[in-house]
Every structure is written in C-alpha cells, then in structure tokens.
Amino acid sequence: MLTVLFNWGYIFVTAFLIGFVVLLPFERGGAAAGRTPGGGTGTVRQKMTAVLMAGLAAVTVYSQVFSLFAGVGLWANVLLVAACAVIAVVCRRPLAVYWRERAGQCSRGYAVFLAGLVLLMAYGTSRGYMHVDTGLYHAQAIRWIEEYGVVPGLGNLHSRFAYNSAAFPLCAVYSMRWLGGSLFPEGIHAVQGFLALLVGIQCSGIRTLAARRRVRVSDFVRVGGIYYLTVLFGEMVSPASDYFAMLLLLFVLIDWLDLLESGEKEAAPYALLSLLLVFTVTVKLSAAVILLLVLKPAVQLLREKRWKEIGLYLGLGFGIALPWLIRGVLISGWLFYPFTFLDLFPVDWKIEKGYADCDSKEIQVFARLLYDVNLYGTPFSGWAGKWFASLKGLEKLWVAASAACTGLGAVTIVGAGLRVWKAGLEERKNRAREKEIQKKDTQENRPEAGVILPWDWILYAAVLITGYFFWQFSAPLVRYGYVYVLALPAAVLGYCYVQALGKSEKGRRYGYYVFGAGFVLFLAFKAVGLAGGMAASAGEPYYVRQQGYGSFDAVTYDVDGVTVYVPADGGQIGYDKFPSSPRIQNIELRGEGEHAGDIRYGFRENRKEEDAQ
C-alpha cells in the first residue's frame, strides 16, 4: 500500500505538470481577447481532474513514442522528469496562481474527504483479484514494453499482444521496475487505481447537490459511476485494459454532462474531451462508437468557419493516434488488429489474415458464451437467453434497464426533436421581426443552470443508445461494456426525472428530497458491502508492498536459441517467466547474420519449413 502511495505521488506530480502545460495554450488569450487560440474561454483548466487526465493522455503518447526506439524504463523516466523540471521552472508563476486558487476553493472538510478517498483507493489497489487476462498476457505485454519497447511481429509470439492497448505503455512508464530491490521486483501496477481515484473524485461532485437543492442528470450518472467503482474496487490491482477504457469513458460522459448543464457554449472544452475520447480509443478500440460525441464541437466549429481551430484539433487527434497506429503495424502488420478491412502494409511479420479474422470472431463468440468460432453466425435469439441467464443478479438488472431505456431514450429524443421543431415554427412566424427573434433565440440558447438543450440531449442520448447496441450485438461481455449498460439507464432515467420535476420550485424541492434519500440509502448499502470486502482482505500482507502478479507453472520450447515459456495448464503465465506464448508456435526470429538470435528484431512465421519444401 505504501508503494502504491509512493507511485501515485510520482504519477500525480508528472501528470499534473505535463497536463498543465498541455492545456496552457487553451487558456492564454482568454482575458485579453475573450477567446484562446484553441477557442476556449479560460475554463478548461479549472478542474484538477481535467489537468491530470490531460497529463495521463500526454504521458501515454510520450511512452508510446519512446517505445518505438527503446524499452520504456529508466531513461524514459529521466527524460520525463527533466521535462517536468523545466515546466516547473518556466511555468512557476501560473502554477503558483493555480494552486492558490485551488487552495481557496477546497474546504477543510473536503480535504479530509479526499485524503480518506486516497487511502481507500490505495488499499484497493494494493490487493485483490488479479484478472485472468492479466496472467494470460497483460503482465507480459507490460514487461515487453519495459524491456524492449515495441518488437516487430510480436503478435506472432502471442496474438493478444497485437491488441495493442495504449494502457500498457502507460503502465510501463510508471511501473518503476528500474528502481529494483525487493519492493519493486515486478514493478508497480497502480495506474489503474490512480485512474479510478480520479473518477472517484469526479463522482464526488455530487456533494454540490446539498447546496443547489436541485437534481441534475449528471447526478444520476455519478451514482452509476460510484456503483462501478465499488464493483471495480476488488480488481483495481489488475492492469486490465477493459477497466482502463471504462473508467475513461465514464470520466468523459460525466464531464460532458457537466459542461452541458453548466451552459458551456464554447467548443474548446467539448473538443478537448473529444481528444480524450481519441485517447480512450487507443486504449480499447471498441470505445470508438462514443467518438460520435465529437459531432457537437465539430458542427459548431464548422458553422462558425473556425478553420484554424478545426485543423488544430484534427492535428492533435491524429498526433494522439499516430504512435498507437505505428505500434499496431509493428506488432501485427495490421492497423486495427484483429480487424483486417485495411490491408496496407506488406511486411514480413504480418499475422496471417485468416488467423486474425478467426481471432476477431473468437472474441465475439466467447462473449456470447458460444465458445466455438463455427457458431459465429448464430442469430441473436440462439444465444441471448443463455447469455442473459449467465449474468449476475445486478448485471441482469442493468442490462434489462439498458434494453428498456433504448425505447425510453428514443422517446426523449423524439420529445426533444419536437421542441426544436416548435421553436423553428415560432421563428418562421416571426421572421419579420428577425432582429428581436435573434436576440430572443440567443437568450433562450443560454439555458438556466442544470438544463440540457434539446439538440445536446438528442446527440448525447443517441450516442449512449448506439454504444449499448454496439456492445449488445458484438461482444456483450459485461466487463467489455459495463459503462454502456450503466450510463444509458442512468442518463435516460435522470433526464426523465428532471423533466418530470418541471420548473416549479415545489416540484424540484420534492425531487431533491426523494433523490437525496435514495442516494443516502444507496451509499449505506454499498458502504456495508465494501466494508465487508475490506475486512476479508485486511489480513493480507500488502500494507507496504503491493500484491504481485502471481507465478504459474510452465514448460519451455526453443525459438532459434531463445527459450520461450508456455503455461503448463494452457492458462496463465504471469510476469516472471519471460518471454512466453500461449502455446508452442511455429515461428522464427527475424534477426539474421550478426543479429541472429536477437529478439529485438522480432518474430515471424517460420519460413525455414517453407524454404525446405
């Protein structure tokens, strides 16, 4: 636990300084010109969580770039610390101003709460259930990046490495394995817990409910976020890419609602969140459907013909994705493994197309509990019943609620569309008084605090529904899309609840009391369950050093003089037995001549047998 706190301190300092300087260009010019170079209004850096998220995204891009040339270890951290030192010196004045402002906004009670939350999440990150996939390949993927960076054709050794999640380079740069010693034999795997901590801090924004005495849609989604964190609490110790993606999506969806309900009109904050979505896609490709939210800032920038800013955001998005794309091609030969619709690179280490297509189908049939690629074409009715029956009790509740809320969400979209249509009719009737109408329209487009404009809700609800359907009909394993089945019912029911309360103070007051009472009961219920789980693990010896990855029996085989480990039972291999593959593979090393036997030059299918034939 102490090593987790130490690691988090390092992550906090570096991510904050990098995030601060990354967002700095979007702040300058706000006071003097009313608009920053990025189109912002000086508000994008108000939240500490936003700065840290921007920093984590930037450090991930940096670690991926570094991995293209070397292992992400000591020297990657030396350069990172050097950059942070320069930022601290050059930006010392704006940093001092920022911290004074934050200190003035944080009450003593909230500071005590944050300290307790940090300790709670550090406890959860120090021990718990190590996910099966972490033993299968997560730990090995991180070690490859720590020691070698990216290796051509690594997917031929283990196809799961080709999934190429950007979460693993981030874990590698912060693992601190290079420190060595008994405290860091396998490095620290605490980035997942730090990300969960940031989402927990964001969810704590629900505390303002008592002051405003008015329920918002974001309150409902925050409750869903708190629920997800309690589910994740026992598995935060595992650096699983699925959880990384879900936490990032949850952060963006809540922050997006906060912007809508605060009446934010500038495109910059939404565009920056869209960039964070691009980052999320590099963590888990299946998150790409939520990128549809980018339509909001895109339409606004296009309508106002802000071409420079459009170019800026497109360039930043491409810059975030480029190192991830390059890594993907180097590892597997494909841009988006295991999807083969883009076949652009005739490299010698490319994973065979038929194998990649089969891998893609295996993911989906596994999630549908079919377990046989030959059953890939089974219709929805042929697997949905057994799949739903296998879900846990509350998982069934959330999935059923999501399915129901697709219809209810569609109704709210139609209702919002009707309001837009009526407003358009009114505008056409009064076109003779165009100036007055424009003035009135401008005022009406500034919603009172907590109100979401119809067009904004149409987009938000449509994206949530699309995300749910994408998950349900592709690979509906709950951990792949937990946020999809949480956010949809939470947001739709929240929207209906807020709409039902209307604009009367009496209705809002009663709505506040009912929601508040339900929230308190929810917290009490989850607190009891969480306390029970913590009591059960309190005797485990992880108060100083974090729980390790685990070690498993293995057999070995030889690849051109390199010993490769294979799980003895066909399952998990862990971190220590390196390098590993899931089975004995018919592959060879790419290195030739003086580089023969050097695994840094990568792997490919065995050509010796082909040449012999």
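FYI, the numbering just counts along the sequence from 1.
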Taking atom types as modelled, find out whether [X] and [Y] have a side-chain donor-acceptor pair closer than 3.5 angstrom.
X: Y480; Y: S474; answer: no
X: H158; Y: Y137; answer: no
X: K284; Y: S165; answer: no
X: D359; Y: Y337; answer: yes
X: Q472; Y: Y468; answer: yes
X: S126; Y: Q547; answer: no
X: S537; Y: Y123; answer: yes
X: T563; Y: T556; answer: no
X: Y148; Y: S67; answer: no

Please check: side-chain N/O of [X] versus main-chain N/O of [Y], any donor-acceptor pairing under 3.5 Å?
X: N156; Y: W349; result: yes
X: Q585; Y: L157; result: yes
X: E395; Y: V478; result: no
X: Q572; Y: G574; result: no
X: Q192; Y: S238; result: yes
X: W334; Y: V329; result: no
X: Q546; Y: T125; result: yes
X: D558; Y: G561; result: yes
X: T134; Y: M130; result: no
X: R127; Y: E540; result: yes

Contact between [X] and [Y] at the side-chain level, heavy atoms closer than 4.5 Å - yes or no?
X: V59; Y: L56; result: no
X: I331; Y: V151; result: no
X: V289; Y: W471; result: no
X: M176; Y: F6; result: yes
X: Y549; Y: I142; result: yes
X: W387; Y: P476; result: yes
X: P582; Y: V566; result: no
X: L277; Y: I290; result: yes

When rounded to the nearest 0.5 angstrom, what is the spacing between [atom1] in [X] and [atom2] in [Y]?
X: L397; Y: L391; atom1: CG; atom2: CG; value: 11.0 Å
X: D242; Y: H131; atom1: CG; atom2: NE2; value: 6.5 Å
X: L335; Y: I326; atom1: CG; atom2: CD1; value: 10.0 Å
X: I320; Y: T280; atom1: CD1; atom2: OG1; value: 9.5 Å
X: N164; Y: L154; atom1: CG; atom2: CG; value: 10.0 Å
X: C203; Y: L250; atom1: SG; atom2: CG; value: 5.5 Å

Identify the heavy atoms of [X] and [Y] that sit nearest to each other, and give their distance.
X: Y355; Y: R583; value: OH-NH1, 3.6 Å
X: V559; Y: I587; value: CG1-O, 3.9 Å
X: G200; Y: L229; value: CA-CD1, 3.5 Å
X: K396; Y: F388; value: CE-O, 3.2 Å
X: W324; Y: V281; value: CZ2-O, 4.0 Å
X: G319; Y: P323; value: O-CD, 3.1 Å

Q. Mind checking whether F339 and F341 have parallel, tilted or perpendicular rings, split at 30° and 60°?
A.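 Correct class here is tilted.
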
Q) Hey, mind stepping through L136 and I573 against side chain to side chain contact (heavy atoms under 4.5 Å, CB included) and telling me if it holds? A) CA-CA 6 Å; L136 289 174; I573 193 65; over 6 Å; no

Q) Does CZ belonging to F318 count more than 12 external heavy atoms closer than 6.0 Å? A)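 No, the 6.0 Å shell around CZ holds no more than 12 heavy atoms from other groups.
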
Q) Do other residues, nucleotides or ligands put more than 12 heavy atoms under 6.0 Å from the CZ atom of R600? A)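 It does not: R600 CZ has 12 such atoms or fewer within range.
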
Whether [Y] and [X] form a salt bridge (side-chain N of Lys/Arg under 4.0 Å from carboxylate O of Asp/Glu) is what I want to check.
X: K350; Y: E605; answer: no
X: E588; Y: R604; answer: yes
X: K361; Y: D357; answer: no
X: D343; Y: K353; answer: no
X: R590; Y: D598; answer: no

Any chance the rings of [X] and [Y] have centres within less than 6.0 Å?
X: F12; Y: W8; value: no
X: F168; Y: W144; value: no
X: Y565; Y: F578; value: no

Q: Would you sort out whether M246 and V483 count as a side chain to side chain contact (heavy atoms under 4.5 Å, CB included), showing the intermediate values?
A: CA-CA 6 Å; M246 293 299 102; V483 168; 3.7 Å; yes

Q) Does R368 count as lying over the ring of Y376, i.e. NZ or CZ under 6.0 Å from the six-ring centre, within 45 degrees of the axis? A)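 Satisfied, under 6.0 Å and within 45°.
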
Q) Knowing that exactly one of R177, Q140, H189, E186 qualifies, which makes a side chain to side chain donor-acceptor pair (under 3.5 Å) with Y575? A)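 The residue from R177, Q140, H189, E186 that satisfies side chain to side chain donor-acceptor pair (under 3.5 Å) with Y575 turns out to be R177.
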
